[in-house]
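Working notes, beginning with the structure itself.
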There are 2 protein chains.
Amino acid sequence: MATGRTHRPATRSRGIPEATVARLPLYLRALTALSERSVPTVSSEELAAAAGVNSAKLRKDFSYLGSYGTRGVGYDVEYLVYQISRELGLTQDWPVVIVGIGNLGAALANYGGFASRGFRVAALIDADPEMAGKQVAGITVQHSDDMERIIEENGVSIGVITTPPGVAQQVCERLVAAGVTSILNFAPTVLSVPDGVDVRKVDLSIELQILAFHEQRKAGEEAALTDGSSPVAATRKQSADKGPDGDVPAVMPA
Amino acid sequence: MATGRTHRPATRSRGIPEATVARLPLYLRALTALSERSVPTVSSEELAAAAGVNSAKLRKDFSYLGSYGTRGVGYDVEYLVYQISRELGLTQDWPVVIVGIGNLGAALANYGGFASRGFRVAALIDADPEMAGKQVAGITVQHSDDMERIIEENGVSIGVITTPPGVAQQVCERLVAAGVTSILNFAPTVLSVPDGVDVRKVDLSIELQILAFHEQRKAGEEAALTDGSSPVAATRKQSADKGPDGDVPAVMPA
DNA sequence: ACTTGTGAAGATATTCACAGCG
DNA sequence: CGCTGTGAATATCTTCACAAGT
(Lines give C-alpha, C1' and ligand atoms only; values in the text may rest on other atoms or scores of the structure.)
Protein backbone atom coordinates (compact mmCIF):
# COMPACT_ATOMS: atom_id res chain seq x y z
CA MET A 1 0.00 0.00 0.00
CA ALA A 2 1.43 3.31 -0.99
CA THR A 3 -0.84 5.79 0.65
CA GLY A 4 -3.31 5.98 3.45
CA ARG A 5 -2.99 5.04 7.07
CA THR A 6 -0.13 2.93 8.17
CA HIS A 7 -1.17 -0.59 8.69
CA ARG A 8 -1.33 -0.94 12.44
CA PRO A 9 -2.77 -3.99 14.13
CA ALA A 10 -5.69 -2.86 16.19
CA THR A 11 -4.74 -4.96 19.15
CA ARG A 12 -1.18 -3.74 19.36
CA SER A 13 -0.80 -1.18 22.06
CA ARG A 14 1.54 1.71 21.72
CA GLY A 15 4.55 -0.40 22.53
CA ILE A 16 2.95 -1.69 25.73
CA PRO A 17 2.44 -5.45 25.64
CA GLU A 18 -1.11 -6.61 26.08
CA ALA A 19 -0.13 -8.77 29.05
CA THR A 20 1.25 -5.70 30.76
CA VAL A 21 -1.88 -3.66 30.08
CA ALA A 22 -3.93 -6.40 31.69
CA ARG A 23 -1.89 -6.10 34.88
CA LEU A 24 -1.87 -2.34 35.18
CA PRO A 25 -5.31 -2.27 36.85
CA LEU A 26 -3.98 -4.73 39.39
CA TYR A 27 -1.05 -2.52 40.24
CA LEU A 28 -3.31 0.47 40.32
CA ARG A 29 -5.58 -1.15 42.88
CA ALA A 30 -2.67 -2.10 45.11
CA LEU A 31 -1.21 1.37 44.80
CA THR A 32 -4.53 3.00 45.61
CA ALA A 33 -4.71 0.98 48.79
CA LEU A 34 -1.21 2.11 49.72
CA SER A 35 -2.11 5.67 48.87
CA GLU A 36 -5.08 5.53 51.20
CA ARG A 37 -2.78 4.44 53.99
CA SER A 38 -0.52 7.35 53.11
CA VAL A 39 2.43 5.13 52.28
CA PRO A 40 4.84 7.39 50.40
CA THR A 41 7.02 4.91 48.55
CA VAL A 42 7.00 1.23 47.79
CA SER A 43 9.56 -1.21 46.44
CA SER A 44 8.90 -3.49 43.51
CA GLU A 45 9.04 -6.42 45.89
CA GLU A 46 6.36 -5.07 48.21
CA LEU A 47 4.08 -3.87 45.47
CA ALA A 48 4.43 -7.13 43.59
CA ALA A 49 3.41 -9.07 46.69
CA ALA A 50 0.36 -6.85 47.13
CA ALA A 51 -0.63 -7.31 43.53
CA GLY A 52 0.03 -11.02 43.50
CA VAL A 53 2.77 -11.09 40.88
CA ASN A 54 6.52 -11.44 41.10
CA SER A 55 8.77 -8.45 41.28
CA ALA A 56 10.72 -9.03 38.07
CA LYS A 57 7.51 -9.02 36.10
CA LEU A 58 6.34 -5.86 37.79
CA ARG A 59 9.57 -4.03 37.09
CA LYS A 60 9.51 -5.14 33.50
CA ASP A 61 5.93 -3.96 33.19
CA PHE A 62 6.76 -0.55 34.62
CA SER A 63 9.74 -0.28 32.33
CA TYR A 64 7.33 -0.08 29.39
CA LEU A 65 5.73 2.98 30.93
CA GLY A 66 9.01 4.72 31.55
CA SER A 67 11.47 5.09 34.39
CA TYR A 68 9.23 6.10 37.21
CA GLY A 69 11.19 4.57 40.08
CA THR A 70 14.23 5.60 42.05
CA ARG A 71 17.03 3.10 42.41
CA GLY A 72 17.80 2.23 45.94
CA VAL A 73 14.45 3.61 47.05
CA GLY A 74 11.47 2.33 45.10
CA TYR A 75 8.45 3.97 43.53
CA ASP A 76 6.61 7.08 44.63
CA VAL A 77 3.10 5.85 45.28
CA GLU A 78 1.18 8.97 44.30
CA TYR A 79 3.20 9.52 41.19
CA LEU A 80 2.72 5.95 40.02
CA VAL A 81 -1.01 6.11 40.70
CA TYR A 82 -1.20 9.11 38.47
CA GLN A 83 0.97 7.67 35.72
CA ILE A 84 -0.89 4.40 35.54
CA SER A 85 -4.25 6.13 35.69
CA ARG A 86 -3.22 8.30 32.82
CA GLU A 87 -1.88 5.37 30.85
CA LEU A 88 -5.15 3.51 31.30
CA GLY A 89 -7.16 6.56 30.36
CA LEU A 90 -8.78 6.83 33.76
CA THR A 91 -8.10 10.51 34.18
CA GLN A 92 -11.06 11.10 31.98
CA ASP A 93 -14.67 10.22 32.53
CA TRP A 94 -16.09 7.24 30.65
CA PRO A 95 -19.84 7.12 30.34
CA VAL A 96 -21.02 3.53 30.14
CA VAL A 97 -24.35 1.96 29.28
CA ILE A 98 -25.50 -1.36 30.64
CA VAL A 99 -27.93 -3.23 28.44
CA GLY A 100 -30.00 -5.98 30.00
CA ILE A 101 -31.05 -5.21 33.56
CA GLY A 102 -31.55 -8.65 35.02
CA ASN A 103 -29.78 -9.90 38.09
CA LEU A 104 -26.38 -9.44 36.59
CA GLY A 105 -27.06 -6.03 35.09
CA ALA A 106 -28.37 -4.86 38.44
CA ALA A 107 -25.31 -6.26 40.18
CA LEU A 108 -23.06 -4.31 37.85
CA ALA A 109 -25.08 -1.13 38.25
CA ASN A 110 -24.61 -1.43 41.99
CA TYR A 111 -20.96 -2.32 41.74
CA GLY A 112 -18.95 0.36 43.46
CA GLY A 113 -15.82 -0.34 41.48
CA PHE A 114 -17.42 1.20 38.43
CA ALA A 115 -17.98 4.67 39.63
CA SER A 116 -14.87 4.84 41.71
CA ARG A 117 -12.53 4.74 38.80
CA GLY A 118 -13.43 6.92 35.90
CA PHE A 119 -16.50 5.01 34.86
CA ARG A 120 -19.96 6.45 35.13
CA VAL A 121 -23.12 4.51 34.47
CA ALA A 122 -24.78 6.85 32.01
CA ALA A 123 -27.83 4.67 31.48
CA LEU A 124 -29.45 1.34 32.18
CA ILE A 125 -31.34 -0.10 29.25
CA ASP A 126 -33.76 -2.99 29.07
CA ALA A 127 -36.08 -4.37 26.43
CA ASP A 128 -38.84 -5.17 28.90
CA PRO A 129 -41.42 -2.36 29.06
CA GLU A 130 -42.14 -3.41 32.65
CA MET A 131 -38.61 -2.49 33.61
CA ALA A 132 -38.65 0.96 32.05
CA GLY A 133 -39.09 3.62 34.67
CA LYS A 134 -37.98 1.47 37.55
CA GLN A 135 -35.08 2.56 39.66
CA VAL A 136 -31.99 0.38 39.87
CA ALA A 137 -29.01 1.56 41.84
CA GLY A 138 -30.57 5.00 41.84
CA ILE A 139 -30.79 5.15 38.08
CA THR A 140 -33.98 5.01 36.06
CA VAL A 141 -34.08 2.13 33.62
CA GLN A 142 -34.85 3.18 30.07
CA HIS A 143 -36.40 1.22 27.27
CA SER A 144 -34.19 -0.12 24.51
CA ASP A 145 -36.15 1.82 21.91
CA ASP A 146 -34.17 4.82 23.04
CA MET A 147 -30.80 3.13 22.91
CA GLU A 148 -29.41 5.09 19.99
CA ARG A 149 -30.51 8.43 21.34
CA ILE A 150 -29.08 7.69 24.78
CA ILE A 151 -25.72 6.69 23.37
CA GLU A 152 -25.43 9.72 21.18
CA GLU A 153 -26.61 12.21 23.75
CA ASN A 154 -24.19 10.91 26.35
CA GLY A 155 -21.27 10.31 24.04
CA VAL A 156 -21.05 6.72 25.19
CA SER A 157 -18.26 4.67 23.70
CA ILE A 158 -18.29 1.73 26.11
CA GLY A 159 -21.21 -0.65 26.37
CA VAL A 160 -21.82 -3.56 28.72
CA ILE A 161 -24.04 -6.39 27.52
CA THR A 162 -25.81 -8.40 30.20
CA THR A 163 -28.71 -9.65 28.12
CA PRO A 164 -29.69 -13.24 27.45
CA PRO A 165 -27.44 -14.78 24.81
CA GLY A 166 -30.15 -14.89 22.19
CA VAL A 167 -30.28 -11.14 21.75
CA ALA A 168 -26.68 -10.25 22.51
CA GLN A 169 -25.52 -10.08 18.90
CA GLN A 170 -28.34 -7.83 17.86
CA VAL A 171 -27.86 -5.57 20.87
CA CYS A 172 -24.19 -5.47 19.99
CA GLU A 173 -24.93 -4.37 16.46
CA ARG A 174 -27.19 -1.57 17.61
CA LEU A 175 -24.58 -0.41 20.09
CA VAL A 176 -21.89 -0.36 17.44
CA ALA A 177 -24.12 1.36 14.90
CA ALA A 178 -24.85 4.05 17.47
CA GLY A 179 -21.19 4.71 18.07
CA VAL A 180 -19.99 2.31 20.77
CA THR A 181 -16.49 1.03 20.05
CA SER A 182 -15.74 -1.03 23.15
CA ILE A 183 -17.93 -3.76 24.51
CA LEU A 184 -17.82 -5.81 27.66
CA ASN A 185 -19.86 -8.93 26.99
CA PHE A 186 -21.30 -11.06 29.77
CA ALA A 187 -23.55 -13.07 27.51
CA PRO A 188 -22.20 -16.51 26.66
CA THR A 189 -21.98 -15.81 22.95
CA VAL A 190 -19.26 -15.01 20.50
CA LEU A 191 -19.97 -11.50 19.27
CA SER A 192 -18.92 -10.57 15.81
CA VAL A 193 -18.04 -6.94 15.39
CA PRO A 194 -16.52 -4.79 12.67
CA ASP A 195 -12.85 -4.04 12.72
CA GLY A 196 -11.94 -1.32 15.14
CA VAL A 197 -14.38 -2.41 17.83
CA ASP A 198 -12.94 -4.07 20.92
CA VAL A 199 -14.78 -6.83 22.70
CA ARG A 200 -13.87 -8.37 26.01
CA LYS A 201 -15.90 -11.17 27.40
CA VAL A 202 -16.49 -12.36 30.90
CA ASP A 203 -17.80 -15.86 30.98
CA LEU A 204 -18.69 -17.37 34.31
CA SER A 205 -19.20 -20.85 33.09
CA ILE A 206 -15.88 -20.92 31.26
CA GLU A 207 -14.04 -19.97 34.42
CA LEU A 208 -15.74 -22.76 36.30
CA GLN A 209 -14.90 -25.26 33.61
CA ILE A 210 -11.25 -24.33 33.75
CA LEU A 211 -11.33 -24.86 37.50
CA ALA A 212 -13.01 -28.21 36.98
CA PHE A 213 -10.23 -29.27 34.65
CA HIS A 214 -7.58 -28.59 37.25
CA GLU A 215 -9.69 -30.04 40.01
CA GLN A 216 -10.05 -33.25 38.08
CA ARG A 217 -6.33 -33.36 37.51
CA LYS A 218 -5.71 -32.97 41.23
CA ALA A 219 -8.04 -35.85 42.00
CA GLY A 220 -6.32 -37.98 39.42
CA GLU A 221 -2.90 -37.20 40.80
CA GLU A 222 -4.00 -38.11 44.28
CA ALA A 223 -5.45 -41.37 43.06
CA ALA A 224 -2.25 -42.14 41.25
CA LEU A 225 -0.19 -41.55 44.36
CA THR A 226 -2.40 -43.63 46.59
CA ASP A 227 -2.45 -46.37 44.02
CA GLY A 228 -6.15 -46.97 43.85
CA SER A 229 -6.64 -49.16 46.87
CA SER A 230 -6.49 -46.42 49.44
CA PRO A 231 -9.76 -44.77 50.39
CA VAL A 232 -8.03 -41.45 50.89
CA ALA A 233 -8.44 -40.42 47.29
CA ALA A 234 -12.16 -40.93 47.47
CA THR A 235 -12.73 -38.63 50.39
CA ARG A 236 -12.30 -35.45 48.48
CA LYS A 237 -14.37 -36.06 45.46
CA GLN A 238 -17.86 -35.04 44.76
CA SER A 239 -20.46 -37.14 46.34
CA ALA A 240 -23.94 -37.36 47.66
CA ASP A 241 -27.10 -37.44 45.72
CA LYS A 242 -26.09 -37.15 42.16
CA GLY A 243 -28.57 -34.98 40.40
CA PRO A 244 -30.73 -36.03 37.46
CA ASP A 245 -28.20 -34.90 34.95
CA GLY A 246 -27.24 -37.55 32.45
CA ASP A 247 -26.58 -34.87 29.96
CA VAL A 248 -23.62 -36.49 28.34
CA PRO A 249 -24.23 -39.20 25.83
CA ALA A 250 -21.55 -41.81 25.99
CA VAL A 251 -21.21 -42.12 22.30
CA MET A 252 -18.34 -44.12 21.04
CA PRO A 253 -17.94 -43.99 17.32
CA ALA A 254 -15.29 -46.33 16.08
CA MET B 1 4.84 -19.01 47.04
CA ALA B 2 6.65 -20.67 44.23
CA THR B 3 3.97 -22.74 42.66
CA GLY B 4 5.87 -25.84 41.85
CA ARG B 5 4.39 -26.60 38.48
CA THR B 6 7.76 -27.21 36.89
CA HIS B 7 6.90 -30.84 36.90
CA ARG B 8 7.12 -32.11 33.36
CA PRO B 9 5.32 -35.37 32.92
CA ALA B 10 7.27 -37.87 30.91
CA THR B 11 4.18 -39.01 29.11
CA ARG B 12 3.43 -36.74 26.24
CA SER B 13 -0.32 -36.95 26.33
CA ARG B 14 -1.07 -35.21 29.62
CA GLY B 15 0.64 -31.90 28.98
CA ILE B 16 -2.23 -29.78 27.73
CA PRO B 17 -1.14 -26.13 27.56
CA GLU B 18 -3.01 -23.75 29.78
CA ALA B 19 -4.00 -21.60 26.84
CA THR B 20 -5.60 -24.60 25.23
CA VAL B 21 -7.50 -25.55 28.37
CA ALA B 22 -8.89 -22.05 28.50
CA ARG B 23 -10.30 -22.46 25.00
CA LEU B 24 -11.83 -25.89 25.40
CA PRO B 25 -15.00 -24.51 27.01
CA LEU B 26 -15.37 -22.23 24.01
CA TYR B 27 -15.19 -25.11 21.60
CA LEU B 28 -17.53 -27.10 23.75
CA ARG B 29 -20.15 -24.41 23.63
CA ALA B 30 -19.93 -24.10 19.87
CA LEU B 31 -20.10 -27.87 19.52
CA THR B 32 -23.09 -28.11 21.81
CA ALA B 33 -24.91 -25.61 19.64
CA LEU B 34 -24.12 -27.68 16.56
CA SER B 35 -25.19 -30.82 18.35
CA GLU B 36 -28.56 -29.29 19.14
CA ARG B 37 -29.01 -28.55 15.48
CA SER B 38 -28.11 -32.17 14.76
CA VAL B 39 -25.11 -31.24 12.68
CA PRO B 40 -23.13 -34.47 12.39
CA THR B 41 -19.67 -33.24 11.46
CA VAL B 42 -17.84 -29.96 11.33
CA SER B 43 -14.59 -28.78 9.82
CA SER B 44 -11.92 -26.97 11.77
CA GLU B 45 -12.64 -23.91 9.71
CA GLU B 46 -16.34 -23.83 10.54
CA LEU B 47 -15.91 -24.67 14.18
CA ALA B 48 -13.17 -22.11 14.55
CA ALA B 49 -15.42 -19.43 13.12
CA ALA B 50 -18.19 -20.39 15.53
CA ALA B 51 -15.83 -20.26 18.47
CA GLY B 52 -14.16 -17.05 17.39
CA VAL B 53 -10.63 -18.36 16.91
CA ASN B 54 -8.62 -19.26 13.86
CA SER B 55 -8.56 -22.76 12.49
CA ALA B 56 -4.85 -23.47 12.88
CA LYS B 57 -5.12 -22.74 16.57
CA LEU B 58 -8.12 -24.96 16.92
CA ARG B 59 -6.47 -27.88 15.18
CA LYS B 60 -3.37 -27.46 17.28
CA ASP B 61 -5.50 -27.40 20.40
CA PHE B 62 -7.29 -30.58 19.41
CA SER B 63 -4.02 -32.24 18.61
CA TYR B 64 -3.17 -32.12 22.31
CA LEU B 65 -6.26 -34.14 23.06
CA GLY B 66 -5.55 -36.75 20.43
CA SER B 67 -6.50 -37.39 16.86
CA TYR B 68 -10.23 -37.07 16.95
CA GLY B 69 -10.81 -35.82 13.43
CA THR B 70 -11.04 -37.44 10.03
CA ARG B 71 -8.91 -36.04 7.23
CA GLY B 72 -10.89 -34.80 4.34
CA VAL B 73 -14.05 -34.76 6.43
CA GLY B 74 -13.75 -32.95 9.74
CA TYR B 75 -14.75 -33.74 13.30
CA ASP B 76 -17.66 -35.81 14.54
CA VAL B 77 -19.65 -33.36 16.65
CA GLU B 78 -21.07 -35.77 19.23
CA TYR B 79 -17.78 -37.51 19.70
CA LEU B 80 -15.89 -34.27 20.19
CA VAL B 81 -18.47 -33.00 22.67
CA TYR B 82 -17.92 -36.12 24.69
CA GLN B 83 -14.13 -36.01 24.50
CA ILE B 84 -13.88 -32.38 25.50
CA SER B 85 -16.42 -32.82 28.29
CA ARG B 86 -14.41 -35.68 29.63
CA GLU B 87 -11.17 -33.77 29.35
CA LEU B 88 -12.66 -30.87 31.27
CA GLY B 89 -14.07 -33.16 33.90
CA LEU B 90 -17.66 -32.29 33.07
CA THR B 91 -18.85 -35.86 32.88
CA GLN B 92 -19.00 -35.76 36.62
CA ASP B 93 -21.09 -33.64 38.88
CA TRP B 94 -19.41 -30.73 40.63
CA PRO B 95 -21.23 -29.36 43.65
CA VAL B 96 -20.47 -25.68 44.12
CA VAL B 97 -21.11 -23.27 46.95
CA ILE B 98 -21.64 -19.57 46.43
CA VAL B 99 -20.68 -17.39 49.36
CA GLY B 100 -22.09 -13.90 49.53
CA ILE B 101 -25.62 -13.64 48.23
CA GLY B 102 -25.84 -10.04 47.16
CA ASN B 103 -26.80 -8.94 43.70
CA LEU B 104 -23.94 -10.77 42.09
CA GLY B 105 -24.33 -13.95 44.09
CA ALA B 106 -27.99 -14.05 43.20
CA ALA B 107 -27.17 -13.48 39.56
CA LEU B 108 -24.82 -16.43 39.62
CA ALA B 109 -27.30 -18.63 41.43
CA ASN B 110 -29.80 -17.89 38.68
CA TYR B 111 -27.32 -18.33 35.89
CA GLY B 112 -28.42 -21.21 33.73
CA GLY B 113 -24.97 -21.96 32.47
CA PHE B 114 -24.08 -23.39 35.83
CA ALA B 115 -26.46 -26.25 36.04
CA SER B 116 -26.39 -27.09 32.38
CA ARG B 117 -22.83 -28.24 32.43
CA GLY B 118 -21.85 -30.45 35.27
CA PHE B 119 -22.09 -27.81 37.96
CA ARG B 120 -24.70 -27.90 40.66
CA VAL B 121 -25.26 -25.15 43.18
CA ALA B 122 -25.10 -27.17 46.37
CA ALA B 123 -25.61 -24.23 48.67
CA LEU B 124 -25.92 -20.48 48.94
CA ILE B 125 -24.23 -19.01 51.97
CA ASP B 126 -24.44 -15.55 53.46
CA ALA B 127 -23.24 -13.94 56.66
CA ASP B 128 -26.37 -11.85 57.09
CA PRO B 129 -28.87 -13.55 59.45
CA GLU B 130 -31.62 -11.73 57.58
CA MET B 131 -30.73 -13.61 54.42
CA ALA B 132 -30.74 -17.05 56.00
CA GLY B 133 -33.91 -18.92 55.11
CA LYS B 134 -34.73 -16.81 52.11
CA GLN B 135 -35.12 -18.45 48.76
CA VAL B 136 -32.85 -17.43 45.92
CA ALA B 137 -33.12 -19.21 42.61
CA GLY B 138 -35.15 -21.85 44.37
CA ILE B 139 -32.44 -22.55 46.91
CA THR B 140 -32.62 -21.69 50.57
CA VAL B 141 -29.83 -19.41 51.70
CA GLN B 142 -27.93 -20.73 54.70
CA HIS B 143 -25.97 -18.87 57.30
CA SER B 144 -22.21 -18.85 57.11
CA ASP B 145 -21.94 -20.41 60.55
CA ASP B 146 -22.74 -23.67 58.81
CA MET B 147 -20.21 -23.26 56.03
CA GLU B 148 -17.89 -26.04 57.14
CA ARG B 149 -20.66 -28.54 57.66
CA ILE B 150 -22.25 -27.75 54.30
CA ILE B 151 -18.98 -28.20 52.46
CA GLU B 152 -18.19 -31.47 54.08
CA GLU B 153 -21.65 -32.94 53.77
CA ASN B 154 -21.84 -32.10 50.09
CA GLY B 155 -18.26 -32.93 49.22
CA VAL B 156 -17.80 -29.48 47.76
CA SER B 157 -14.42 -28.77 46.23
CA ILE B 158 -15.28 -25.63 44.27
CA GLY B 159 -16.27 -22.40 45.93
CA VAL B 160 -17.40 -19.10 44.48
CA ILE B 161 -16.76 -15.94 46.44
CA THR B 162 -19.08 -13.01 45.81
CA THR B 163 -18.67 -11.26 49.12
CA PRO B 164 -17.50 -7.71 49.71
CA PRO B 165 -13.72 -7.48 49.37
CA GLY B 166 -13.17 -6.92 53.07
CA VAL B 167 -14.18 -10.43 54.06
CA ALA B 168 -13.08 -12.32 50.97
CA GLN B 169 -9.76 -13.48 52.36
CA GLN B 170 -11.28 -14.80 55.54
CA VAL B 171 -14.07 -16.55 53.67
CA CYS B 172 -11.43 -18.02 51.43
CA GLU B 173 -9.52 -19.38 54.38
CA ARG B 174 -12.58 -21.03 55.83
CA LEU B 175 -13.43 -22.57 52.48
CA VAL B 176 -9.95 -23.97 52.09
CA ALA B 177 -9.83 -25.24 55.66
CA ALA B 178 -13.09 -27.07 55.06
CA GLY B 179 -11.74 -28.80 51.98
CA VAL B 180 -12.34 -26.50 49.00
CA THR B 181 -9.43 -26.62 46.56
CA SER B 182 -10.68 -24.43 43.71
CA ILE B 183 -11.98 -20.92 44.11
CA LEU B 184 -13.62 -18.53 41.72
CA ASN B 185 -13.18 -15.08 43.17
CA PHE B 186 -15.38 -12.15 42.19
CA ALA B 187 -14.22 -9.92 45.00
CA PRO B 188 -11.67 -7.33 43.93
CA THR B 189 -8.95 -8.67 46.19
CA VAL B 190 -5.84 -10.73 45.80
CA LEU B 191 -6.48 -13.95 47.68
CA SER B 192 -3.58 -15.78 49.18
CA VAL B 193 -4.02 -19.50 49.36
CA PRO B 194 -1.85 -22.47 50.24
CA ASP B 195 -0.11 -24.38 47.52
CA GLY B 196 -2.39 -26.81 45.77
CA VAL B 197 -5.40 -24.52 45.78
CA ASP B 198 -6.40 -22.93 42.49
CA VAL B 199 -7.83 -19.46 42.34
CA ARG B 200 -9.30 -17.78 39.32
CA LYS B 201 -10.55 -14.26 39.54
CA VAL B 202 -13.15 -12.39 37.62
CA ASP B 203 -12.78 -8.70 37.97
CA LEU B 204 -15.32 -6.46 36.36
CA SER B 205 -13.51 -3.25 36.91
CA ILE B 206 -10.27 -4.60 35.48
CA GLU B 207 -11.98 -5.58 32.27
CA LEU B 208 -13.43 -2.11 31.93
CA GLN B 209 -10.06 -0.53 32.55
CA ILE B 210 -8.49 -2.59 29.82
CA LEU B 211 -11.21 -1.46 27.46
CA ALA B 212 -10.62 2.13 28.48
CA PHE B 213 -6.96 1.79 27.66
CA HIS B 214 -7.70 0.70 24.11
CA GLU B 215 -10.49 3.20 23.77
CA GLN B 216 -8.14 6.00 24.73
CA ARG B 217 -5.65 4.81 22.19
CA LYS B 218 -8.26 4.86 19.46
CA ALA B 219 -9.17 8.43 20.29
CA GLY B 220 -5.53 9.41 20.37
CA GLU B 221 -4.86 7.88 16.99
CA GLU B 222 -7.56 9.95 15.41
CA ALA B 223 -5.92 13.15 16.50
CA ALA B 224 -2.40 11.86 16.14
CA LEU B 225 -0.59 14.61 14.40
CA THR B 226 0.85 16.73 17.15
CA ASP B 227 1.82 14.04 19.57
CA GLY B 228 5.03 14.75 21.37
CA SER B 229 4.75 13.42 24.87
CA SER B 230 5.31 9.76 24.24
CA PRO B 231 8.01 8.60 26.61
CA VAL B 232 8.50 5.39 24.72
CA ALA B 233 10.43 5.62 21.54
CA ALA B 234 9.01 2.79 19.57
CA THR B 235 12.06 0.90 18.51
CA ARG B 236 10.66 -1.24 15.78
CA LYS B 237 12.21 -4.61 15.69
CA GLN B 238 12.31 -6.59 12.52
CA SER B 239 8.98 -5.58 11.14
CA ALA B 240 9.04 -6.83 7.61
CA ASP B 241 5.33 -6.76 8.16
CA LYS B 242 4.17 -8.71 5.25
CA GLY B 243 0.64 -7.86 4.36
CA PRO B 244 -1.50 -10.51 5.96
CA ASP B 245 -4.14 -9.24 3.58
CA GLY B 246 -7.30 -11.15 3.06
CA ASP B 247 -8.44 -10.71 6.59
CA VAL B 248 -7.80 -7.15 7.56
CA PRO B 249 -10.25 -4.86 5.89
CA ALA B 250 -9.79 -1.18 6.43
CA VAL B 251 -12.57 0.36 8.39
CA MET B 252 -13.93 3.83 8.20
CA PRO B 253 -13.75 5.80 11.39
CA ALA B 254 -17.35 6.37 12.24
C1' DA C 1 23.86 -0.82 50.46
C1' DC C 2 19.82 -1.15 48.16
C1' DT C 3 16.66 -1.32 44.35
C1' DT C 4 15.61 -0.19 39.72
C1' DG C 5 15.86 -1.06 34.78
C1' DT C 6 16.96 -4.18 31.20
C1' DG C 7 19.52 -7.20 27.91
C1' DA C 8 19.53 -12.02 27.33
C1' DA C 9 17.82 -16.53 28.15
C1' DG C 10 14.07 -19.45 28.63
C1' DA C 11 9.26 -20.80 28.33
C1' DT C 12 4.68 -20.48 26.09
C1' DA C 13 1.71 -19.41 22.55
C1' DT C 14 0.48 -18.59 17.82
C1' DT C 15 0.89 -19.04 13.04
C1' DC C 16 2.69 -21.01 8.85
C1' DA C 17 2.83 -24.36 5.50
C1' DC C 18 2.71 -28.77 3.96
C1' DA C 19 3.00 -33.86 4.37
C1' DG C 20 -0.23 -37.44 4.83
C1' DC C 21 -4.41 -39.59 4.77
C1' DG C 22 -9.29 -40.30 3.76
C1' DC D 1 -9.32 -33.09 -4.07
C1' DG D 2 -10.20 -31.42 1.04
C1' DC D 3 -9.05 -31.32 5.56
C1' DT D 4 -6.47 -32.89 9.52
C1' DG D 5 -2.33 -33.15 12.18
C1' DT D 6 2.07 -31.34 13.11
C1' DG D 7 7.06 -29.89 12.73
C1' DA D 8 9.18 -25.57 12.12
C1' DA D 9 9.16 -20.62 12.30
C1' DT D 10 7.54 -16.62 14.70
C1' DA D 11 5.80 -13.93 18.15
C1' DT D 12 4.83 -13.04 22.83
C1' DC D 13 5.54 -13.49 27.67
C1' DT D 14 8.25 -14.59 31.79
C1' DT D 15 12.27 -15.07 34.43
C1' DC D 16 17.12 -14.50 35.33
C1' DA D 17 20.90 -12.02 36.74
C1' DC D 18 23.53 -8.09 36.97
C1' DA D 19 25.03 -3.44 35.50
C1' DA D 20 23.77 1.08 36.60
C1' DG D 21 22.19 4.37 39.30
C1' DT D 22 21.16 6.79 44.17
Side-chain angles (χ1 to χ4, degrees), chain A residues 9 11-24 26-27 40-49 51-77 79-80 83 253-254, chain B residues 1-9 12-13 15-24 26-27 40-49 51-77 79-80 83 231-248:
Chain A
T11 48
R12 190 74 75 256
S13 320
R14 189 205 56 228
I16 301 180
E18 195 55 35
T20 294
V21 172
R23 282 187 294 267
L24 291 181
L26 227 58
Y27 302 144
T41 63
V42 66
S43 72
S44 64
E45 203 72 56
E46 294 165 326
L47 183 53
V53 302
N54 76 44
S55 63
K57 194 185 287 183
L58 177 143
R59 288 200 304 278
K60 181 64 104 179
D61 283 341
F62 285 179
S63 80
Y64 294 115
L65 307 184
S67 294
Y68 293 152
T70 306
R71 293 169 198 238
V73 178
Y75 300 91
D76 182 286
V77 171
Y79 187 53
L80 247 194
Q83 290 299 343
Chain B
M1 68 186 65
T3 348
R5 178 71 57 210
T6 354
H7 177 69
R8 170 107 295 157
R12 66 201 329 246
S13 61
I16 300 181
E18 195 56 34
T20 294
V21 172
R23 280 186 296 264
L24 291 181
L26 228 56
Y27 302 144
T41 62
V42 66
S43 72
S44 64
E45 203 70 56
E46 294 164 329
L47 184 54
V53 304
N54 77 46
S55 64
K57 194 185 286 183
L58 178 142
R59 289 200 303 278
K60 181 64 105 180
D61 283 342
F62 285 178
S63 80
Y64 294 116
L65 307 182
S67 295
Y68 293 150
T70 307
R71 292 167 200 241
V73 177
Y75 301 91
D76 182 286
V77 172
Y79 187 54
L80 246 194
Q83 289 299 343
V232 182
T235 44
R236 271 300 223 219
K237 293 220 143 175
Q238 91 268 1
S239 70
D241 206 32
K242 64 173 104 179
D245 72 306
D247 203 36
V248 189

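Just so we're on the same page: letters track the sequence lines, and every chain starts at 1. None of these values were measured; they are calculated from a predicted model. These values consider heavy atoms only, across backbone and side chains, with no hydrogens, waters or symmetry-generated copies.
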- Task: Can you tell me the distance, in whole Å, between the CD atom of A:Glu46 and the C1' atom of C:dC2?
- Result: 12 Å
- Between B:Glu45 and A:Arg23, which is nearer to the 5' end of DNA chain D once each is assigned its nearest nucleotide? B:Glu45
- A:Leu65 CG to C:dT4 C1': how many Å, rounded? 14 Å
- Query: Who pairs with A:Thr20 by side-chain hydrogen bond (donor to acceptor under 3.5 Å, both in side chains), at least two apart in sequence or on another chain?
  - Reply: A:Asp61
- Message: Would you compute the distance between atom CG of A:Leu47 and atom OH of A:Tyr27 and round it to the nearest 0.5 angstrom?
- Response: 8.0 Å
- For C:dA13, take OP1 and OP2 only and decide whether either is under 4.0 Å from a side-chain N or O of B:Tyr64. no
- Message: So which atom in B:Ala51 and which in B:Leu26 form the shortest heavy-atom distance, rounded to 0.1 Å?
- Response: O-CD2, 3.5 Å
- Message: Counting distance alone, no hydrogens or angles: does the base of D:dT22 have a donor or acceptor under 3.5 Å from a partner atom on the side chain of A:Arg71?
- Response: no
- Item | Nucleotide C:dC21, atom P - distance to OH of B:Tyr68 in whole Å | 20 Å
- Query: Is the shortest side-chain N/O distance from B:Ser44 to OP1 or OP2 of D:dT4 below 4.0 Å?
  - Reply: yes
- Rounded distance in Å - CZ (A:Phe62) to C1' (C:dT3): 14 Å
- Distance below 4.0 Å between B:Tyr75 side-chain N/O and D:dG5 OP1 or OP2: yes
- Note on the structure: The reported gap from CD in B:Glu46 to OG1 in B:Thr41 (rounded to nearest 0.5 angstrom) is 7.5 Å
- Which comes earlier along DNA chain C counting from the 5' end, the contact point of A:Val42 or that of B:Val73, where each point is its nearest nucleotide? A:Val42
- Message: For A:Arg59 and A:Tyr75: C-alpha separation, side-chain torsions, deciding distance, then whether side-chain contact (heavy atoms from CB on, under 4.5 Å) applies.
- Response: CA-CA 10 Å; A:Arg59 288 200 304 278; A:Tyr75 300 91; 3.8 Å; yes
- A:Gln83 and A:Leu65: CA distance, side-chain angles, deciding distance, side-chain contact (heavy atoms from CB on, under 4.5 Å) verdict: CA-CA 8 Å; A:Gln83 290 299 343; A:Leu65 307 184; 5.6 Å; no
- Message: For a quick check of understanding: with a heavy-atom distance under 4.0 Å over all strands, which category does B:Glu18 fall into, base, sugar-phosphate or nothing?
- Response: sugar-phosphate
- To the side chain of A:Thr70, which of D:dT22, C:dT4, C:dT14 is closest? D:dT22
- Task: For DNA chain D, determine which residues of residues 51-61 of chain B have any heavy atom closer than 4.0 angstrom to one of its atoms, and list them numerically.
- Result: B:Arg59, B:Lys60
- Nearest-Å distance, CG (B:Leu80) to P (D:dT4)? 11 Å
- With ring centroids as reference points, do A:Tyr68 and A:Tyr79 lie under 6.0 angstrom apart? yes
